[in-house]
Amino acid sequence: MNGDPRDFAAHEAALLDERRLDDWLALFAEDGHYWVPLLGAAQADPFSHNSLAYEDRLLLQLRVDRLKNPRAHSQHPASHSQHVLQPSRIEHESAGEVRLRTPFIYIEARGESQVLLAGTARHHLVRASRGWSIREKRIDLLDAARALPAIQLFI
Amino acid sequence: MTSYRHHPERIAALVQDDRVHRDLYLSDEIFALEQEHLFANTWVYLGHASQVSEPGDFVTQDVAGRPLLMVRQPDGAVHVMYNRCAHKGTQLVTDECGNTGRFFRCPYHAWTYKLDGAPLGLPLKNGYEGTQLKACESGQGLSVVKHVKVYRDFVFVRLSDSGPSFEDYFGEVLGAIDNMVDRSPEGKLTVGGGVLRNIVHCNWKMYLENINDTVHPMSTHESATKAAEALWEGRAPTDPKPMAMEQMLPFGSGYEFFDKMGGRVFANGHSVLGVNFSIHSNYAQLPEYEAAMRAAHGEERAAEILQRSPQNSVFYPSLSVKGSPQAIRVIRPLAANRTLIEAWSFRATGAPALLFERVMSYNRLVFSPMSVVAHDDVHLFESIQQGLRAGGNEWVSLHRNYDPAELAQETITTNGTNELLMRNQFRAWAKSMAAGMEAAA
């Protein structure tokens, strides 16, 4: 992934939807974070207000390892995801880093049920030796504060 | 399915000494009767006074299907009213929270009310001259919930005019709120960080039972705890644990740990799980905070507060409290097979920021819709809700450690894996349903 950074979000979402979770995790920088604020786009930081998820690499690794465990009961039947993305737009670009903005619809299906979420993904990418790495993937849901059923994979 | 309305004896028969009938979880009629009787007859948690800090601040909240309105008054008191205009029934406010200023104004015909619900004015006043409006309910302003108790800023309501007093209803379990509030050296908590709201497709009682269930973590949470243990394997015991690890790893404790943590039941369905210790007991110590606590509360009381961190304290039927981390869960039943669970975090005034970080982290890991731990719980609750529809066996077992002597006692201290904590909930359920139905008869 050394080409146009605008292709990054689609590549990243495809790894998730194909459940190539180790490859997905490898996209994160060592200090990378995955963040779903509870106030959506209105939230300034992950410390003064809570979040649906705020995870560093250690916790993301834990989540990925858990999903591989046959005793992850909630994955019988397994969940599947589909990201439907609008084209990514570059919000900011400077030497070695870029910020992308990608509106999306996310569907997580499991058995007879589906969860439908809409929002905007915001990637903060930094240039690494092998291409772009994620310093932060922030997901601003359309209505993050509403009561939700379980969301088991990665938005 | 059997009809239960007008048949209190059939309802009583659903709760036996050591098992309960599946209709408790499945029947829409039982759910409707619970809304009418159980949740009206007991003290239900509405909200925290810090959600309405200024005069005119309001919070809307349905309790047992009734839309309520909690409002801060100009004199500092907290009042609760039904969120229904006296005229046609419009909800006066439809936001979850906000500030109404000095009065409420109905958006439909502009009838206005003081913050305590008293009528203020209405348009085309002359049209009511010579009518009976002033004498009837619609002329009296908003209907007020008469039985409201603000206990150390925790606001509870009892919708029915009959039923036990607040103190008689909760009794000793109120110590669990005291413990959490006194974790502030200034004795003050405020809600912070927003609320995590989960829809779970199961009966509310199932969720509440699980709060008292210590036998499930080893098997239910195996995927999460094994992943955490594998990631942490090989580290020296002295290595500082990241907060998430400190909070996750104890879920993998063995049966002996959970059995020895102990439990206690009280009259009316309340209980404390983890009277000796809990999965929260070994969080990192904070010497400066502990010194501030000793200065505020004295040596003995400070030690008592800080050493006591039960797993869960259940204020039946709507609230579960974790003194440390400073978290509560509120159980809001929506239908026989649908429950809203709210997880709130508290800031303790005068305590270090780390405590707030701790509760936000815990709630995020364990009670968020994107939790790492709860997915397996939620899956199993939803599985039970389906599984109970199977024929062949219409009963749910609560036999573990059953002892007929328990029927004659109200407060019992026991081992942590005893299903007495659940049997106690169902005995209270039967009692409150019966009391409500007799009062209604």
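Per chain, numbering begins at 1; letters A, B, ... match sequence-line order.
- Side-chain atoms of A:Arg57 and A:Tyr34 include no donor-acceptor pair closer than 3.5 Å.
- Heavy-atom distances place the backbone of A:Ala145, and not its side chain, under 4.5 Å from chain B.
- Residue pairs meeting the side chain to side chain donor-acceptor pair (under 3.5 Å) criterion with at least one member in residues 338-356 of chain B, sequence neighbours excluded: B:Arg332-B:Glu342, B:Glu342-B:Trp344, B:Ser345-B:Asn363.
- With a threshold of 4.5 angstrom between heavy atoms, B:Ala228 approaches chain A through its backbone and through its side chain.
- For the set A:Ile155, A:Asp65, A:Ile151, the entry with the most heavy-atom pairs within less than 4.5 Å of chain B is A:Ile151.
- With a 4.5 angstrom heavy-atom cutoff, A:Leu58 touches chain B via backbone and side-chain atoms both.
- Residue contact with chain B, scored on non-hydrogen atoms closer than 4.5 Å, is absent for A:Val64.
- Contacts with chain A were tallied for B:Ser361, B:Gly194, B:Ala244; B:Gly194 has the most, counting heavy-atom pairs under 4.5 Å.
- Between A:Tyr54 and A:His33, the ring-plane angle classifies as parallel under the 30° and 60° cut-offs.
- For the set A:Leu39, A:Asn69, A:Leu52, the entry with the most heavy-atom pairs within less than 4.5 Å of chain B is A:Leu52.
- Looking at A:Glu55, the atoms closer than 4.5 Å to chain B (heavy atoms on both sides) all sit in the side chain, from C-beta outward.
- With no hydrogens or angles considered, no side-chain donor-acceptor pair links A:Glu136 and A:His123 at under 3.5 Å.
- With a 4.5 angstrom heavy-atom cutoff, B:Thr225 does not touch chain A via any of its atoms.
- Using a 4.5 Å cut-off between heavy atoms, A:Leu38 touches chain B through its side chain atoms alone.
- Salt-bridge annotation for A:Glu18 and A:Arg20: present, with a side-chain N of the basic residue lying under 4.0 Å from a carboxylate O of the acidic one.
- In this structure, B:Glu246 CD and B:His280 NE2 are separated by 11.5 Å, a value rounded to the nearest 0.5 Å.
- Proximity to chain B involves both the backbone and the side chain of A:Leu62, based on heavy atoms less than 4.5 angstrom apart.
- For the residue pair B:Lys322 / B:Asn312, a side-chain donor-acceptor distance below 3.5 Å is found, with atom types taken as modelled.
- Residue contact with chain A, scored on non-hydrogen atoms closer than 4.5 Å, involves the side chain of B:Leu365 exclusively.
- A donor-acceptor pair shorter than 3.5 Å can be found between the side chains of A:Arg110 and B:His379.
- Between B:Tyr362 and B:Phe367, the ring planes lie perpendicular to each other; the angle is over 60°, past the 30° to 60° tilted range.
- With a threshold of 4.5 angstrom between heavy atoms, B:Ser371 approaches chain A through N, CA, C or O but not through any side-chain atom.
- Classification of the B:Phe346-B:Phe154 ring pair by plane angle, with boundaries at 30° and 60°, yields tilted.
- With a threshold of 4.5 angstrom between heavy atoms, A:Pro46 approaches chain B through N, CA, C or O but not through any side-chain atom.
- In this structure, chain A has no heavy atom under 4.5 Å from any part of B:Val200.
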